[in-house]
Q: 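I am attaching a structure below and will ask some questions about it afterwards.
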Amino acid sequence: MTSTAAAPPPPRAYRRLSVEERRAQLLVAALGLFAHRAPDEVSLDEVAVAAGVSRPLVYRYFPGGRQQLYEAALGSAADELKLCFTEPPVGPPTERVARVLDRYLRFVDEHDTGFSALLRGGSVVETSRTTTIVDGVRRAAAEEILSHLGRIGGTGPQSAGPRLRMMVRSWIAAVEAASLIWLDEGKQPPAAELRGWLVDHLIALLAATAATDEETAAVVRDLLALETPDGPAGRLAELVIPVVAEAAHLLPHATAAD
């Protein structure tokens, strides 16, 4: 009687990875570990196990050891983080910023421990090169936010002035700080709520800076012309205007009768 059992599938053909593919494989494995552990707590042996390769192979691609691997992984993560701030110039500016923050906070959520260790500093693998990589992300983020405000870095008719640049870079620093606090607080409030608050923070900083800086005032006028009543700027205006009205008695022309 002939057996009807199915024949086992043929073994999959082994494909040798190219240098670029192998390096990318090792970086993915390293990033997975660095995302949830402080970088000085991750060993090359663990990276090798996570990638399914031998320790000597890791050294072949990263002869500088953990330091070189960490810097390469950090550079890869930095490129990913920069992409979070890239948004087509379509729709109201505050809605673009909201989408940027959604991606940014998703990155923070997925790389919680590594993100915290990176921005807090103090790691034994922290060097001037890693600091430069992180500063590059901050500057790239600021340039993207300025572009959504109709300004660019450098020089030229549309370049941002010092007050506006300082305001945007201050906001980027506040976003970082809020992200770290959010991780400390067990990722509460929910990410969507934090994102909304950070967009409101940017609008408030723009309004305060516009009060004493003509360039920022022009930026705010152009921005408001693109906003909608049901967007972030419209909702914030609905909430804030009644509160601000309570301060009418502080105006110089106010009288006791007011």
Side-chain angles (χ1 to χ4, degrees), residues 81-108 137-179 181-182 189-254 258:
L81 193 50
K82 288 176 185 177
L83 289 176
C84 292
F85 287 89
T86 303
E87 178 71 22
V90 178
T94 57
E95 293 182 18
R96 296 181 223 158
V97 173
R99 290 192 290 270
V100 162
L101 287 171
D102 279 337
R103 290 193 294 270
Y104 176 85
L105 291 173
R106 192 177 307 120
F107 180 95
V108 173
V137 174
R138 292 170 178 148
R139 292 181 182 279
E143 292 299 318
E144 288 293 335
I145 296 301
L146 283 170
S147 73
H148 294 306
L149 300 178
R151 292 295 186 270
I152 60 173
T155 59
Q158 292 299 313
S159 62
R163 290 284 300 279
L164 183 58
R165 287 200 308 273
M166 180 178 291
M167 189 227 78
V168 169
R169 291 182 65 182
S170 297
W171 180 74
I172 295 294
V175 169
E176 284 188 6
S179 300
I181 295 170
W182 184 63
E193 186 176 331
L194 175 59
R195 177 254 294 152
W197 181 77
L198 289 172
V199 174
D200 289 349
H201 187 189
L202 177 61
I203 298 170
L205 281 174
L206 280 166
T209 307
T212 55
D213 182 62
E214 291 184 5
E215 180 200 9
T216 307
V219 166
V220 169
R221 284 194 296 271
D222 292 344
L223 182 150
L224 290 177
L226 299 172
E227 295 295 320
T228 61
D230 58 346
R235 290 194 297 270
L236 183 62
E238 184 179 7
L239 294 171
V240 169
I241 288 175
V243 175
V244 174
E246 295 295 326
H249 66 287
L250 299 176
L251 298 176
H253 57 73
D258 293 334

Q: Could you report the tightest heavy-atom contact between L198 and A178, atom names first, then the distance?
A: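 Residues L198 and A178, closest heavy atoms: CD2-CB, 4.0 Å.
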Q: According to side-chain hydrogen bond (donor to acceptor under 3.5 Å, both in side chains), does anything in residues 189-208 pair up with another residue at least two apart or in another chain? List the pairs.
A: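 Every pair satisfying side-chain hydrogen bond (donor to acceptor under 3.5 Å, both in side chains) with a residue in residues 189-208: D102-R195.
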Q: Would you say L202 and M167 make side-chain contact, with heavy atoms under 4.5 Å?
A: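 In contact.
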Q: Work out which heavy atom in A142 is nearest to a heavy atom in V168; give both atom names and the distance.
A: O-CG1, 3.8 Å
Q: Does any pair with a residue in residues 166-177 pass side-chain hydrogen bond (donor to acceptor under 3.5 Å, both in side chains), and if so which ones, sequence neighbours excluded?
A: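 Listed once each, the pairs are R138-E176.
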Q: Any side-chain hydrogen bond (donor to acceptor under 3.5 Å, both in side chains) pairs touching residues 81-92, not counting sequence neighbours?
A: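 Counting only pairs at least two positions apart or across chains, the side-chain hydrogen bond (donor to acceptor under 3.5 Å, both in side chains) contacts touching residues 81-92 are E87-R99, E87-R103.
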Q: Side-chain donor-acceptor contacts of residues 234-242 below 3.5 Å, not counting sequence neighbours, with atom names and distances?
A:
from : atom 1 : to   : atom 2 : distance (Å)
R235 : NH1    : D230 : O      : 2.4

Q: Can you name the closest pair of heavy atoms from Y104 and S179 and give their distance?
A: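 Shortest heavy-atom contact: CE2-OG, 3.2 Å.
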Q: Within a strict 4.5 Å, meaning less than it, do heavy atoms of the T209 and M166 side chains meet?
A: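 Answer no - side chains too far apart.
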Q: Side chains of I172 and F85, heavy atoms from C-beta outward: is any pair under 4.5 Å?
A: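 The answer is yes; the side chains approach within 4.5 Å.
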Q: Show me the donor-acceptor pairs within less than 3.5 Å that the side chains of residues 89-98 make with the rest of the protein, sequence neighbours left out.
A:
from : atom 1 : to   : atom 2 : distance (Å)
T94  : OG1    : E227 : OE1    : 2.5
T94  : OG1    : E227 : OE2    : 3.2
R96  : NE     : G91  : O      : 2.9
R96  : NH1    : H148 : ND1    : 3.4
R96  : NH2    : G91  : O      : 2.9

Q: Which residues pass the side chain to side chain donor-acceptor pair (under 3.5 Å) test with E144, not counting sequence neighbours?
A: none
Q: Please report the closest heavy-atom contact between T216 and A210, naming both atoms and the distance.
A: CG2-N, 3.7 Å
Q: Atom CD1 in I145, atom CD in E143: separation rounded to 0.5 Å?
A: 11.0 Å
Q: Got L164 and L206 here, is their nearest side-chain heavy-atom distance under 4.5 Å?
A: yes
Q: What heavy-atom pair brings I203 and A233 nearest, and what distance separates the two atoms?
A: CD1-CA, 3.8 Å
Q: Considering only residues two or more places apart or on different chains, which pairs with a residue in residues 206-218 satisfy salt bridge (Lys or Arg N to Asp or Glu O under 4.0 Å)?
A: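 Applying salt bridge (Lys or Arg N to Asp or Glu O under 4.0 Å) to every pair that reaches into residues 206-218, excluding sequence neighbours, yields R151-E215.
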Q: I need the minimum non-hydrogen distance between V219 and L149, along with the two atoms involved.
A: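 That closest heavy-atom pairing would be CG1-O, 3.5 Å.
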